[in-house]
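To keep things clear, I will list the structure first and then write my remarks on it.
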Amino acid sequence: MPNAHRRILVTSALPYANGHIHLGHLVEYIQTDIFVRFQKLRGQTCIYLCADDTHGTAIMIRARAEGRSEQELIAAMREAHLSDFAGFQIAFDHYGSTDSPANRRLCGEIWSALRRKGLVTARDVRQLFDPVAGVFLADRFVRGTCPKCAAADQYGDSCEQCGATYGPADLVAPKSTLSGATPEVRSAEHLFVTIEKLHEFLAEWTRSSGAIDPRIANYLAGHFLCEPLRDWDISRPAPYFGFEIPDAPGHYWYVWFDAPIGYLAATSEWCERSGGAFESWWQRTEGNEAAAEIHHFIGKDITYFHTLFWPAMLEAAGLALPTKVRIHGFLTVNGQKMSKSRGTFLLARTYLEHLDPGMLRYYYAAKLSGGIDDIDLNLEEFTAKVNADLVGKVVNLASRTARWLDGTGLSPRYPDDGGLFAAAAADGTEIAAAYEDCDFARAMRTIMLAADRANAYVDAEQPWKLAKAGPDAAGRLQDVATVAINLFRQLAVYLAPVLPRFAEQVGDLVGGPIRSWEESQRPLEALGIGRFTPLMQRVEAAQVEAMLAQSLAEAAPQTVPLSPGTASMTTQPTADSAEPLAAEPLADTCTIDDFTKVDLRVARILAAEEVPEAKKLLKLTISLGGDVTRTVFAGIKGFHEPSSLVGRLVVVVANLAPRQMKFGLSEGMVVAASGAGAGGVYLLSPDSGALPGMRLR
RNA sequence: GGGCCCGUAGCUCAGCGGUUAGAGCAGGGGACUCAUAAUCCCUUGGUCGUGUGUUCGAAUCACACCGGGCCUACCA
């Protein structure tokens, strides 16, 4: 692939504001993010755009059920989505919303174009209406008895018992799932796009533009393009949460109209912020002028919208068409569909509470080969692969050699390594080609082979023996470690699109931030090296178990609280992150005498009050039993409600020298746990039965 | 019913017309001790779903069948 400069606009499908991000969604966002980071690392101009998909009946219904406005609902979900994405290091250049002024404006422009081309028509549609809720009902909001086999409680579009399909109006004894009311058939005008008028264009574009995998093009040809395309129902009658159609009051654009236009709106907003020109991305170019590339990453479930309706809209509006529609499959967990009852319906944030996001990014990368097949998250394999590849091979390379360079830094000249660095540099061509094809699995395989060679090198050179051989071998030792660290950093460059955080850490260790793919082609010389810290912790099976247990618990919330003492400590394995300890290594050894100098006592909180001027402090009055009380300022404000503290037992350092603080004298210290892995401050409680004044020993 | 994809070592997969079919993990044996029980070497293990065909030659192409998955369909 020639290295001509490219301008690449990349999108992921817009997540719907009706639910939280889960590991299935993340297949797409991680895949896209890797692709984008790769392009940027290669020096291309690349922007990654996405947005929340906010409109539609489902949002309206949900907001009502929760007793708040749609805007409040979508704002809250947006925050949650952004936080989840940030947790997984998904780096959008812009993240918009379909409920934005830019999107409204662009919807209007596309709509005008459709009108101008005579592609809009109106027709009455008979639909069920819920007279209590006052809304038209989508098929899935109606249940009733199957008209064919009389099975009860079936959806409005098809019967799960006999497989019959019908319209919601055919159901016997239909009921609205919103209000329970019996719906009535009402007629309402809908607007349609007569997409058939673009049939010829679509047939040609899907077949020969190169944007679509031939298998998909074939599928489209066989299922849709083999007959006249049906008019696309593009409007919904009020009430509907969305944009009202300017020239058709009382009608709203259907969510699938404004969702893809969200790509345009996000571009527009990004341009406004960064000073780019919208036209430079979406304007159709004439002749051989170099256009921007447009890559859409989507799941196979929305193929139809992105390969027929969306290009039709762009064509009608005279905008640039997608260069590639990259379609991926679904995620299964342990070989089966994600399941709430098995605890495998894993939310992004549940994962993040237990495991490192980089590990999922790597695992997905190792699985994704650019095809449309589903990928499986096998949790045992996940554990084994992440540990073997990332910890055992890659991180270990630095872990076992960095220390030899502590005093000296890298050798002034890169030594003879038998051609290892050059070989891995040459691999860069293949690795880059694999990234470009979204065949990340092939890229990872090639990278790991290089890691294997590097470890074999260290093994053969035996730097630990050189270290013991004394000053005569010092030069050789430095050379060997220099080779190892260079091979390590080279791997980090190749892995940077997948493991951005890891790449940063490697940059901190040696050589500074990794900014360019080219850094894989030249070894570093004569540089100092930072202190090696564990860059990644092994995954323990217990951590995975704990994640599943939590996911299971959250999916099926317990309404009956467990009585104390029956908590299933034995059946639900505890699994603890290594992070807190790793972040704060153990202090120097102390003797029992040292320990007994600290007099730790059980105490009862008698009173707790806010200190308004203090950022972190609560003023506590504690009892050590009898009438011995102390005043203690504790740095737990924001983590504990004062009122909920009163009466509880805690542990205090009772013989701590009193300290004059800004707000008063503190006569002790309440001990609490804090550290990496969780932000809170956690008070300690003794088992029940302990009494104030008892000493800890 | 139609269409598509998949079926290669215990597991995940690569190979997709050409020498005795490969990798990682798991299993077995050994080495080393620098490293997060990590690393390195050796090794066990496959009639490449089944059958028929095309070909000098097939895991690789064709057809049929079996098994798994996905999409789509009230007929064609």
Side-chain angles (χ1 to χ4, degrees), chain A residues 146-149 157-159 162-167 170 213-224 226-227 299-304 327-330 332 334-337 356 362-364 366-369 371-406 430 434 439-469 477 480-481 484-485 488 532-540 578-579 581-582 585:
Chain A
C146 170
K148 289 249 172 65
C149 73
D157 53 354
S158 66
C159 175
C162 69
T165 55
Y166 41 77
D170 301 326
D213 182 300
R215 283 175 300 190
I216 301 294
N218 226 0
Y219 152 82
L220 294 170
H223 282 93
F224 302 104
C226 60
E227 56 187 12
K300 61 185 182 183
D301 53 327
I302 54 175
T303 296
Y304 172 76
I327 306 173
H328 61 80
F330 295 146
T332 56
N334 291 336
Q336 297 180 293
K337 277 189 182 176
D356 177 345
Y362 175 74
Y363 183 81
Y364 281 177
K367 287 277 179 177
L368 285 166
S369 53
I372 195 176
D373 301 325
D374 292 352
I375 69 168
D376 185 45
L377 167 58
N378 180 292
L379 290 166
E380 274 182 39
E381 190 205 13
F382 167 82
T383 307
K385 189 163 191 62
V386 162
N387 286 343
D389 290 359
L390 295 183
V391 182
K393 287 180 185 173
V394 178
V395 173
N396 188 228
L397 197 54
S399 175
R400 66 193 303 203
T401 57
R403 50 180 301 214
W404 313 118
L405 297 174
D406 263 352
E430 184 190 339
D439 190 350
F440 303 154
R442 186 154 61 94
M444 296 307 108
R445 248 180 280 129
T446 309
I447 293 168
M448 286 309 142
L449 286 176
D452 286 341
R453 279 181 258 133
N455 273 304
Y457 169 84
V458 176
D459 227 73
E461 297 299 331
Q462 308 186 1
W464 54 92
K465 287 197 175 158
L466 296 172
K468 286 174 187 158
L477 175 65
V480 170
I485 290 297
F488 172 69
F532 178 81
T533 51
L535 297 175
M536 207 174 283
Q537 296 301 319
R538 299 175 65 76
V539 184
E540 301 299 331
E579 193 183 347
L581 182 59

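In what follows, chains are A, B, ... by sequence order, proteins preceding strands, each numbered from 1. Since the model is a prediction, treat every value here as computed from it, not as a measurement. As a basis for the values below, the full set of heavy atoms in this structure was taken, side chains included, without hydrogen atoms, waters or symmetry mates.
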Heavy-atom side-chain proximity of A:D406 to A:F532 below 4.5 angstrom: no

Identified pairing partner of B:U47, criterion: Watson-Crick or G-U wobble below 3.5 Å: none

Given RNA chain B, 5'-ward residue of the pair A:D452 and A:F330, judged by closest heavy atom: A:D452

Heavy-atom side-chain proximity of A:I372 to A:D213 below 4.5 angstrom: no

SB check A:D459 A:R400 (cutoff 4.0 Å): yes

Between P of B:A73 and OH of A:Y219, the distance in whole Å: 8 Å

Nearest-Å distance once atom C1' is located in both B:C48 and B:C16: 12 Å

Polar atoms only, N or O, under 3.5 Å: list the protein pairs with nucleotides 12-15 of chain B and their distances.
unit_1 : atom_1 : unit_2 : atom_2 : d
B:U12  : O3'    : A:K367 : NZ     : 3.2
B:U12  : O2'    : A:K367 : NZ     : 2.9
B:U12  : O2'    : A:E381 : OE2    : 3.2

Between the protein and nucleotides 29-34 of chain B, list every N/O to N/O distance that falls short of 3.5 Å.
unit_1 : atom_1 : unit_2 : atom_2 : d
B:C34  : OP1    : A:K468 : NZ     : 3.0
B:C34  : O3'    : A:R403 : NH1    : 2.9
B:C34  : O2'    : A:R400 : O      : 3.2
B:C34  : O2     : A:R400 : O      : 3.4
B:C34  : O2     : A:R400 : NE     : 3.1
B:C34  : N3     : A:R400 : NE     : 3.4
B:C34  : N3     : A:R400 : NH2    : 2.7
B:C34  : N4     : A:R400 : NH2    : 3.2

Rounded interatomic separation in angstrom, taking CG from A:N387 and C1' from B:C11: 16 Å

Complementary nucleotide for B:U39 - Watson-Crick or wobble, under 3.5 Å: B:A31

pair A:N455-A:K393: side-chain heavy atoms closer than 4.5 Å: yes

B:G15 and B:G7, which share atom name P, separated by this distance in whole Å: 10 Å

A:N334 CG to B:G69 P, straight-line distance once rounded to whole Å: 17 Å

Sugar-phosphate, base or nothing in reach of A:M536, heavy atoms under 4.0 Å: base

Gap in Å between the two P atoms, one belonging to B:G69 and one to B:G28, rounded: 34 Å

Distance, C1' atom - from B:G68 to B:C32, rounded to whole angstrom: 45 Å

Pairwise side-chain contact, A:D389 with A:Y363, heavy-atom cut-off 4.5 Å (strictly under): no

Atom pair distance, as rounded to whole Å: CD in A:Q537 and P in B:A37: 10 Å

Note, A:V480 side chain near A:W404 side chain (heavy atom, < 4.5 Å): no

Pair partner, B:A21 [Watson-Crick or wobble, under 3.5 Å]: none

Sugar-phosphate, base or nothing in reach of A:N455, heavy atoms under 4.0 Å: sugar-phosphate

Gap in Å between the two P atoms, one belonging to B:G18 and one to B:C61, rounded: 11 Å

Nucleotide B:C11, atom P - distance to CG of A:L377 in whole Å: 18 Å

Validation row: A:K300, A:D374 side chains within 4.5 angstrom (heavy atoms): yes

Note, A:K385 side chain near A:M444 side chain (heavy atom, < 4.5 Å): no

A:N387 side chain to A:V539 backbone, donor-acceptor under 3.5 Å: yes

Rounded distance in Å between the P positions of B:G49 and B:A21: 15 Å

Whole angstrom value for the distance that separates P of B:A76 from CD of A:E227: 15 Å

Spacing between A:D389 atom CG and B:U36 atom C1', to the nearest angstrom: 15 Å

Inter-nucleotide P distance (B:G46, B:A9), Å rounded: 10 Å

Euclidean distance, A:D439 CG relative to A:L368 CG, rounded to 0.5 Å: 9.5 Å

B:G67 pairs with, by Watson-Crick or G-U criteria that keep both distances under 3.5 Å: B:C6

C1'-based separation of B:C5 from B:C75 [nearest Å]: 27 Å

B:U54: pairing nucleotide in any strand, Watson-Crick or G-U under 3.5 angstrom: none

Pairwise distance CG(A:N396) to CG(A:L535) - rounded to 0.5 angstrom: 11.0 Å

Sugar-phosphate only, base, or nothing, as touched by A:N218 at under 4.0 Å among non-hydrogen atoms: nothing

Length of the CZ-C1' vector between A:F488 and B:U39, whole Å: 15 Å

